[in-house]
Amino acid sequence: MKNLLICGGAGFIGSNFVRYMLDKYPDIQIVVYDKLTYAGNPDNLEPFSQDSRYKFLQGDIAEHGSVARALEFNRIDTIVNFAAETHVDRSILDPDAFVHTNVMGVYVLLEESRKHGIERFLQVSTDEVYGSIPEGAFEEGDPIEPNSPYAASKASGDLMARAYHVTYGMHTIVTRGSNTFGPYQYPEKVLPLFITNALEDQPLPLYGDGKQVRDWLYVDDHCAGIDAVLQNGRPGEAYNIGGENEQHNIDVVHMLLRLLDKPASLIRPVEDRPGHDRRYALDNSKSRRLGWKPEVGFDEALERTVSWYKSNEWWWRKIKSGEYQQYYEAQYGKRLKG
Ligand code: NAD
Ligand code: DAU
């Protein structure tokens, strides 16, 4: 692995992964390839913009010519694909972009990778492809039963990566990560949304009864898991990367409010998300056998995250003053009034 293309590197996990890889591998060359949708943010890449081992290219993973040029001109040998439409609520409002990027985009990346002899291709997938599980934890061989347009589109990319291994012998690998949080996460996802709303004394719109369970994973642990799978995973296989940290939404909200010293009266129960998955849980045995495990405890990770949003108001205020407001109104306007 010398010349790494990180697709979607201007987003939340992707930009954290760029930093992780530059810190860990002194001889690596990284090209970030990103369309810069609403979620792609050049500010996320600013900390390493002067690093001679890093370069940025704007482009769509669903465009053959643009992907082909990026691969050829930079002698890319390895691809890690984070590029995706990622927010479940947006996929319910308008699934179109999800099919474009998460289905067609992954196909185009795989096809151009095949033509250009890419040595290793890692598709970043999600625990949501399994659907909801009332008890126990999903293993990699369990059925894929996605419930939202987002999850179904991610399942498609995940399975296409597998098919390119089986059919063409390509070295493709899939990771299925759980709910990730940390610095640079766009404030539509529940943790940064609730932290920034609380800092502004705005209501925290909690869906349904708040008893849904998510398995929270700190972003540095997610990056380390992806790297472990990239280095040592078996081609054609999928690897769970879970936080081993299940929490009810309502409990996480109370932890946040304590850290922020804000009142519980900010919590506003609102109409639930349609098709809302009740519980996610992953069995990490397979990725643990690669020598990886989650390292950062939840309390510490939450403290680090809250402290980052408190110290970087410039970052999220810029986002919240733009296109974001239209989305917020479409998603929450009626819910918060009702
Ligand atoms: P994000 O929404 O913060 O960033 C997505 C990035 O992809 C943005 O920079 C955006 O500009 C880029 N992008 C979107 N469409 C593109 C296209 N057509 N071509 C090129 N670039 C495009 O996402 P994230 O939360 O960092 O998630 C990254 C990946 O990890 C996604 O594949 C997601 O499904 C997966 N994942 C996320 C989580 C989580 O909790 N956030 C958990 C498990 C897996
Ligand atoms: O599990 C991995 C997935 O985690 C990733 O694949 C997705 O890209 C990522 O968005 C995330 O999906 P979720 O739907 O679990 O995340 P979200 O932050 O949207 O919601 C987390 C929980 O909080 C979920 O039960 C819904 C609830 N929620 C969310 C929002 C945005 C609320 O109660 N209110 C809200 O306003």
Side-chain angles (χ1 to χ4, degrees), residues 6-17 32-42 44-45 57-63 66-67 80-92 97-98 100-102 104-106 108-109 123-130 132 146-148 150-151 153-154 157-158 175-182 184-194 197 203-217 219 222 225-226 241-243 247-250 252-253 267-270 272-273 276-280 282 328 331-332 335-336:
I6 301 185
C7 301
F12 161 50
I13 310 175
S15 59
N16 278 282
F17 187 72
V32 167
Y33 182 87
D34 197 297
K35 186 178 178 179
L36 296 182
T37 65
Y38 78 92
N41 186 346
N44 300 2
L45 297 164
L57 288 178
Q58 186 168 6
D60 186 334
I61 59 164
E63 281 180 17
S66 171
V67 172
V80 178
N81 181 37
F82 293 90
E85 288 294 331
T86 62
H87 195 41
V88 173
D89 292 325
R90 289 192 192 244
S91 84
I92 294 167
F98 289 74
H100 172 82
T101 294
N102 304 356
M104 274 308 288
V106 177
V108 169
L109 265 188
Q123 168 65 10
V124 179
S125 187
T126 167
D127 60 0
E128 299 203 10
V129 299
Y130 297 115
S132 190
N147 292 319
S148 69
Y150 162 71
S153 67
K154 288 295 292 183
D158 176 322
T175 55
R176 297 183 183 141
S178 65
N179 276 70
T180 307
F181 68 105
Y184 299 103
Q185 186 169 31
Y186 192 90
E188 64 189 353
K189 308 295 194 297
V190 75
L191 286 188
L193 172 69
F194 281 18
N197 275 16
L204 315 184
L206 186 68
Y207 296 159
D209 63 3
K211 294 279 179 59
Q212 303 83 6
V213 173
R214 294 294 182 267
D215 172 14
W216 291 101
L217 171 69
V219 66
H222 197 161
I226 290 170
I241 303 182
Q247 305 282 347
H248 288 105
N249 290 344
I250 183 73
V252 177
V253 179
I267 301 172
R268 182 80 64 83
V270 295
D272 207 351
R273 171 188 282 174
H276 197 168
D277 283 334
R278 195 73 181 160
R279 175 172 175 265
Y280 298 140
L282 290 179
Y328 199 83
Q331 180 62 25
Y332 297 105
R335 274 187 166 106
L336 285 169

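Just so you know, ligand 1 is whichever comes first in the structure, and atom 1 is the first atom listed for that ligand. What you see is a predicted model; the values in this text were computed from it and never measured.
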Tell me, please: is Gly157 in heavy-atom contact with ligand 1, that is, under 4.0 Å? no
From the candidates Leu217, Thr180, Val106, the one that places a heavy atom nearest atom 40 (O) of ligand 1: Thr180
Ranking Ile241, Thr86, Val32, Ile13 by closest non-hydrogen atom to atom 37 (C) of ligand 1, top hit is Ile13
Does ligand 2 have any atom that is closer than 4.0 Å to a heavy atom of Lys154? no
Any N/O pair Thr101/ligand 1 closer than 3.5 Å: yes
Looking only at heavy atoms of Gln331, does any of them come nearer than 4.0 Å to an atom of ligand 2? no
Nearest atoms (heavy-atom pairs only) where Asp34 meets Gly9: OD2-N, 3.4 Å
Report yes or no: does a heavy atom of Phe82 sit under 4.0 Å from some atom of ligand 1? yes
Does a side chain donor of either His100 or Asp60 reach within less than 3.5 Å of an acceptor in the other side chain? yes
Could you tell me, atom by atom, which parts of ligand 2 come under 4.0 Å of a heavy atom of Leu193? 36 (O)
With sequence neighbours excluded, residues passing ring pair (Phe, Tyr, Trp, His ring centres under 6.0 Å) with Tyr130: Phe138
Heavy-atom gap Tyr150 to ligand 1 smaller than 4.0 Å: yes
Is a donor on one side and an acceptor on the other found under 3.5 Å between the side chain of Arg176 and the backbone of Gly242? no
What residue and atom, counting heavy atoms only, is the protein's closest point to atom 35 (C) of ligand 1, and at what distance? Val124 CG1, 3.8 Å
Backbone or side-chain N or O of Asn179 under 3.5 Å from ligand 1 N or O: no
Given that the side chain starts at C-beta and the backbone is N, CA, C, O, which of these parts of Ala62 lies under 4.0 Å from ligand 1, counting heavy atoms, or is it both or neither? neither
Can you find a non-hydrogen atom of Ser15 under 4.0 Å from ligand 1? no
Polar atom proximity, Glu188 to ligand 1 (N or O, under 3.5 Å): no
Using heavy-atom distances, let me know which of Tyr328, Trp216, Tyr207 sits nearest atom 30 (C) of ligand 2. Tyr207
Pairs of nitrogen or oxygen atoms closer than 3.5 Å, one from Thr126 and one from ligand 1: do any exist? no
Numbered in order shown, the ligand 1 atoms found under 4.0 Å of a heavy atom of Lys154 are 31 (C), 32 (O), 33 (C), 34 (O)
Proximal candidate to atom 12 (O) of ligand 2 [heavy atom criterion; set Glu128, Arg273, Arg214]: Glu128
At under 4.0 Å between heavy atoms, is it the side chain or the backbone of His87 that contacts ligand 1, or both, or neither? neither
Determine yes or no for a side-chain-to-main-chain donor-acceptor pair under 3.5 angstrom, with Asn44 supplying the side chain and Ala10 the backbone. yes
Could you say whether the N/O atoms of Asp89 and ligand 2 ever approach to under 3.5 Å? no
Can you check whether Arg278's main-chain N or O pairs, donor with acceptor, with Gln212's side chain at less than 3.5 Å? no
Between Asp127 and Lys154, is there a side-chain N and carboxylate O pair less than 4.0 Å apart? no
Relative to the heavy atoms of Asp60, which atoms of ligand 1 are at a distance of less than 4.0 Å? 17 (C), 18 (N), 19 (N)
Would you check the N or O atoms of Phe12, main chain and side chain alike, for any that come under 3.5 Å of an N or O of ligand 1? yes
Below a 4.0 angstrom heavy-atom separation, can you tell me which part of Lys189, side chain or backbone, both or neither, approaches ligand 2? both
Considering all heavy atoms of both residues, which atom of Gly243 and which atom of Leu217 are nearest to each other, and what is their separation? CA-CD1, 3.8 Å
Between Asn41, Ile61, Leu36, flag the one that comes closest to atom 19 (N) of ligand 1 by a heavy atom. Ile61
For ligand 2, indicate whether the residue Val88 contacts it via side chain, backbone, both or neither (heavy-atom separation under 4.0 Å). side chain
Quick one: look up the protein heavy atom nearest atom 4 (O) of ligand 1 and list residue, atom name and how far away it is. Gly11 CA, 3.4 Å
Residue Gly59 vicinity, atoms of ligand 1 by number, heavy atom under 4.0 Å: 19 (N), 20 (C)
Can you check which of Ile250, Val190, Asn249 brings a heavy atom nearest to atom 21 (C) of ligand 2? Val190
For Ser148, enumerate each residue passing the side-chain contact (heavy atoms from CB on, under 4.5 Å) test, keeping only those at least two apart in sequence or located in another chain. Val88, Ser91, Glu128, Tyr150, Ala151
Sub-4.0 Å heavy-atom contact, Ala97 with ligand 1: no
Which residue from Asp127, Leu204, Leu206, Asp209 reaches closest to atom 1 (O) of ligand 2 through any of its heavy atoms? Asp127
Ligand 1 N/O within reach of Glu85 N/O, cut-off under 3.5 Å: no
Please confirm whether Arg90 makes a cation-pi placement over Tyr38, using NZ or CZ under 6.0 Å from the six-membered ring centre and within 45° of the ring normal. yes
So between Phe181, Phe12, Tyr332, Tyr150, whose heavy atom ends up nearest atom 36 (O) of ligand 2? Tyr332
